[in-house]
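Written out below as structure tokens is the structure these notes cover.
Order of the sequence lines fixes the chain letters, A, B, ..., with proteins taken first and strands second; residue numbering starts at 1 for each chain. Being a predicted model, the structure only gives us computed values, none of them experimental.
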Amino acid sequence: MSLKLSEQERFRREALDELQQLGIDPYPAEEYSINTTAQEILEKYPEDEKAFQDVQVAGRLMGRRIMGSASFAELQDSSGRIQLYFNRDEICPGEDKTFYNTVFKRLLDIGDIIGVKGHVFVTKMGEVTIHVKEYKILCKSLRPLPVVKEKDGKVYDAFKDPEQRYRQRYLDLIVNPEIRDTFRQRARLIQSMRNFLLNKEYLEVETPVLQPIYGGAAARPFKTYHNTLDTTLYLRIANELYLKRLIVGGYDGVFEFAKDFRNEGMSRFHNPEFTQMELYVAWKDYRWMMDMVEEMVEKISLDMHGTTKVKVGENEIDFKRPWKRFTMYGAIEHFTGVDVSQMSEEEMRAAAREMGVETDETMGRGKIIDEIFGEKCEGLLIQPTFITDYPIEMSPLAKKHREMPGLVERFEAVCNGKEICNAFSELNDPVDQRARFEEQIELGRRGDPEAMVLDEDFLRAIEHGMPPTAGLGIGIDRLAMILTNSNSIQDVLFFPQMRPDKSSSAESETSDLGDAGIPDEWVPVFQKAGFTSAASLKDANPNKVFNQLCGLRKKLKLDMPAPKPEDVKQWIENVK
RNA sequence: GACUUGGUAGCUCAGCUGGUAGAGCACAUCCCUUUUAAGGAUGGGGUCCUGGGUUCGAGCCCCAGCCAAGUCACCA
């Protein structure tokens, strides 16, 4: 038994041993069939008191109130919590009361998983409760759970430290039921979107995550290596170029829910891996795509909430069509009162300075526009809004605007002050596409780490001809944040990326104490005493160490003979 | 990457001007044979994030580091 265990963990392991000595398997192999859930009982029982007279449910024990021969407990299953009533003489009809007195009262703990059989009734306090006739241990838990209590909506001792919640999401899910709900909603979002797209008969596809050339977005990639091919591969930053190859191949509509990876900063809006749904539809343009996005997101909101109105922080966002539309120039004029559409680069730089937007020499006209928009407009757009017609410099994969030179046919939807999607009329002119890639290469040469790389095979594909196509990328995590009223992307990802936790990995490190001749069973005692390595023992006083070891042996009730003083002296000599 | 705040028992948190490490829940033992966060009594439980420094003495002050959260920068 490891000495690193806390007292409560030791008690639980002792209980586990005792259960086994009583002939009870704490981890039975056979299935435990249930015929209802906590939620179903709580919803339906009051109407139909004759129902639920023979229920079987299973879940985790979340609280107990023991009073002698009768006890109440709380069982939590995937649907919710329900109270259990245990009565000694019903659990143990015969003379032997062990299964109640010892097993239930002493050997079970909060966090254990049990199955119960019985009938439903209402207590005199008015709570729907399962009167337990039989119970079975399905899994003994060896670690204490954070105990969260609640009354009248007020939560006591809430488990809310974000670091622990994210690192040990399972605990978060156990004790904070609303978290389980958030992820159900996220699943509903994805399901709704998928159904919407499948109904339109688009093909759901899968394309490579490992790519020899990364492309389709301006971002820095993760780099990896394939042994057999002896080649560098990148984790995709987007799947755009692959999906367009499929449009070249003749499909009318393809989409993918894609995990993408970007080797960039992290924040409450950015995780290194995130999910994006990309969709490409042949014969369409960006105007058509705007209508489609509105329709789709409105539908998702209705499917999730039954309404187009969603509360997000302080705001109520309404996804009802039609959404507001601004050109990028129009948005800047609307929010700043300055019409920049006809300005030269120099005039625009001056205008930016006047608005308090910082620019530097490397920024071209397009970049300055983007900067002004980002600083002065984006954050103010709370209701879903389309921003259209972007400067060409920022969009090497979008088609030139049909009317306005210098712009491309691109839109983003902004909602709650953040971009949620990005779309364009896809560039299918291979000569123009090659020229745009070459501009990117030039940017790369000048040191832009996010400049795109030229993908010769992609160019070859569109040289064969790609139909006019509208393309869309929509950030699933961002959308999930809005639709679940979550303040951080980490709240809509089960396992957000965290820096590895050093303290936990150090625990399993092996020690070189054994090399000094210290028997295996004493190594952990040395560690407990603060001697984690042979070197740390070098200057120790043998008498003091001996006393420490004996003290720990007594304190921890170790079942092994005390070491002899000369042994301890010898071990320390060995180290020197 | 920068700045701010934080890290103390299984969980939530106190901890004064630097002077023997505290509470509630949880846990154990006993009493009570009883329900609604919490019946009573008693008790056990600590690498005060890590490493240095100042000091007679550091959870507290100083320096360095680790981890997180928030804000900013970059980005979706």
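Near RNA chain B, meaning a heavy atom under 4.0 Å from it, residues 412-421 of chain A has A:Lys418, A:Glu419 in order of number.
A distance of 4.5 Å separates CG in A:Asp477 from CZ in A:Arg186, rounded to the nearest 0.5 Å. The CD atom of A:Gln39 sits 5.0 Å away from the OG atom of A:Ser79 when rounded to the nearest 0.5 Å. Going from atom CD1 of A:Ile179 over to atom CZ of A:Phe159 covers 10.5 Å, rounded to the nearest 0.5 Å. Considering CG of A:Leu171 and CG of A:Asp161, their distance stands at 11.5 Å, rounded to 0.5 Å. Separation of atoms OH (A:Tyr85) and OG1 (A:Thr129) is listed at 10.5 Å; rounding is to 0.5 Å. Distance OG1/A:Thr182 to CZ/A:Arg180: 11.0 Å, rounded to 0.5 Å.
Note on A:Lys367: only backbone sugar-phosphate atoms sit closer than 4.0 angstrom, heavy atoms only; bases stay farther off. Across all strands, A:Arg106 comes closer than 4.0 Å only to sugar-phosphate atoms, never to a base (heavy-atom distances). Note on A:Ser71: nothing from the nucleic acid sits closer than 4.0 angstrom, heavy atoms only. Among the atoms of the strands shown, base atoms are found under 4.0 Å from some heavy atom of A:Asn271. Residue A:Arg88 is out of contact with every strand shown, counting any heavy-atom pair closer than 4.0 Å. Contact annotation for A:Gln490: backbone-only contact, meaning every heavy-atom pair under 4.0 Å involves sugar-phosphate atoms and none involves a base. Counting non-hydrogen atoms under 4.0 angstrom, A:Phe11 reaches the backbone sugars and phosphates but no base.
Rounded to whole Å, the distance from CG on A:Leu75 to C1' on B:U36 is 16 Å. For A:Tyr156 and B:A23, the OH to P distance is 21 Å, given to the nearest whole Å. In this structure, A:Glu378 places its CD atom 12 Å from P of B:C74, rounding to the nearest Å. Atom CG of A:Leu171 is separated from atom C1' of B:A26 by 14 Å (rounded to the nearest Å). Here the P atom of nucleotide B:A76 and the CG atom of A:Leu397 are 13 Å apart, to the nearest Å. In this structure, A:Phe72 places its CZ atom 13 Å from P of B:G39, rounding to the nearest Å. When rounded to the nearest whole Å, the span between CZ of A:Arg64 and P of B:C25 equals 16 Å. For the pair A:Met67 CE and B:G40 P, the interatomic distance rounds to 14 Å; values are reported in whole Å.
As rounded to the nearest Å, B:G51 and B:C13 have C1' atoms that lie 27 Å from one another. Across the C1' atoms, B:C25 and B:A38 are found 9 Å apart, a figure rounded to whole Å. Comparing the C1' positions of B:G40 and B:G53 gives a spacing of 50 Å, expressed to the nearest Å. A gap of 10 Å separates the P atoms of B:U8 and B:A14, to the nearest Å. Taking the P atom of each, B:U17 and B:G6 are spaced 15 Å apart, rounded to whole Å. Comparing B:U55 with B:C16, their P atoms sit 23 Å apart, to the nearest whole Å. Taking the C1' atoms as reference points, B:C11 lies 23 Å from B:G70, given to the whole Å. Using atom C1' as the reference point in both B:G45 and B:A21, the two lie 13 Å apart (nearest Å).
Side-chain atoms of A:Arg167 lie closest to B:C67 of the nucleotides B:U35, B:C67, B:A73. Comparing B:C67, B:G70, B:U35 by their nearest atom to the side chain of A:Lys124 picks out B:U35. Closest approach to the A:Tyr166 side chain among B:U36, B:A69, B:G70 is made by B:A69 (side chain taken as heavy atoms from C-beta onward). With B:A76, B:A69, B:U36 as the candidates, the nucleotide lying closest to the side chain of A:Pro162 is B:A69. Closest contact between the side chain of A:Asp109 and the listed nucleotides B:A28, B:A76, B:U29 involves B:A28. In the set B:A68, B:A73, B:A76, the nucleotide with an atom closest to the side chain of A:Met498 is B:A68.
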Please list, pair by pair, any protein nitrogen or oxygen found under 3.5 Å from a nitrogen or oxygen in nucleotides 5-13 of chain B.
residue: B:G10; atom: N7; partner: A:Gln8; partner atom: NE2; Å: 3.4
residue: B:C11; atom: OP1; partner: A:Gln164; partner atom: OE1; Å: 3.2
residue: B:U12; atom: O3'; partner: A:Lys160; partner atom: NZ; Å: 3.2
residue: B:C13; atom: OP1; partner: A:Lys160; partner atom: NZ; Å: 2.5

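The partner of B:U71 is B:A2, judged by Watson-Crick or G-U wobble contacts that both fall below 3.5 Å. A 3.5 Å limit on both hydrogen-bonding distances identifies B:C63 as the Watson-Crick or G-U partner of B:G51. Across all strands shown, nothing is found opposite B:A38 as a Watson-Crick or G-U wobble partner with both distances under 3.5 Å. Using the Watson-Crick or G-U wobble rule with both distances under 3.5 Å, B:C25 pairs with B:G10.
Residues A:Ile237 and A:Ala219 come closest through the heavy atom pair CD1-O, 3.8 Å. When all heavy atoms of A:Ser301 and A:Val310 are compared, the pair lying nearest together is OG-CG2, 3.6 Å. Summarising the geometry of A:Pro144 relative to A:Gln8, their closest heavy-atom pair is CB-OE1, 3.6 Å, with the distance given to 0.1 Å.
Phosphate contact (OP1/OP2 of B:U71, side-chain N/O of A:Arg268, threshold under 4.0 Å): present. Contact check, A:Arg499 against B:A68: a side-chain N or O comes under 4.0 Å of OP1 or OP2. Within the structure, every side-chain polar atom (N or O) of A:Arg220 is placed at least 4.0 Å from both OP1 and OP2 of B:C74.
Where A:Arg262 and A:Thr129 each meet RNA chain B at their nearest nucleotide, the meeting point lying more 5' is that of A:Thr129. Positionally, the nearest nucleotide of RNA chain B for A:Asn487 lies more toward the 5' end than for the other of A:Asn487 and A:Gly265.
For B:U71, its base never sits under 3.5 Å from the side chain of A:Ser267 at any donor and acceptor pair. The base of B:U36 has none of its N or O atoms less than 3.5 Å from a complementary donor or acceptor on the side chain of A:Glu74.
Ring pair A:Tyr135/A:Phe99 is parallel by interplanar angle, where below 30° counts as parallel and above 60° as perpendicular.
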Indicate every side-chain donor-acceptor pair of residues 380-388 of chain A with a distance under 3.5 Å to a residue at least two apart or in another chain.
residue: A:Gln383; atom: OE1; partner: A:Asp318; partner atom: N; Å: 2.8
residue: A:Gln383; atom: NE2; partner: A:Glu316; partner atom: O; Å: 2.7
residue: A:Thr385; atom: OG1; partner: A:Gln383; partner atom: O; Å: 2.7
residue: A:Thr388; atom: OG1; partner: A:Phe326; partner atom: O; Å: 3.4

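Ring stacking is absent between A:Phe269 and B:A76, as the pair misses the limits of under 5.5 Å between centres and under 30 degrees between planes.
For the pair A:Arg64 and A:Phe104, the cation-pi test (distance below 6.0 Å, angle within 45°) is passed.
Residue A:Glu206 places its CD atom among 12 or fewer non-hydrogen atoms of other residues, nucleotides or ligands, all under 6.0 Å distant.
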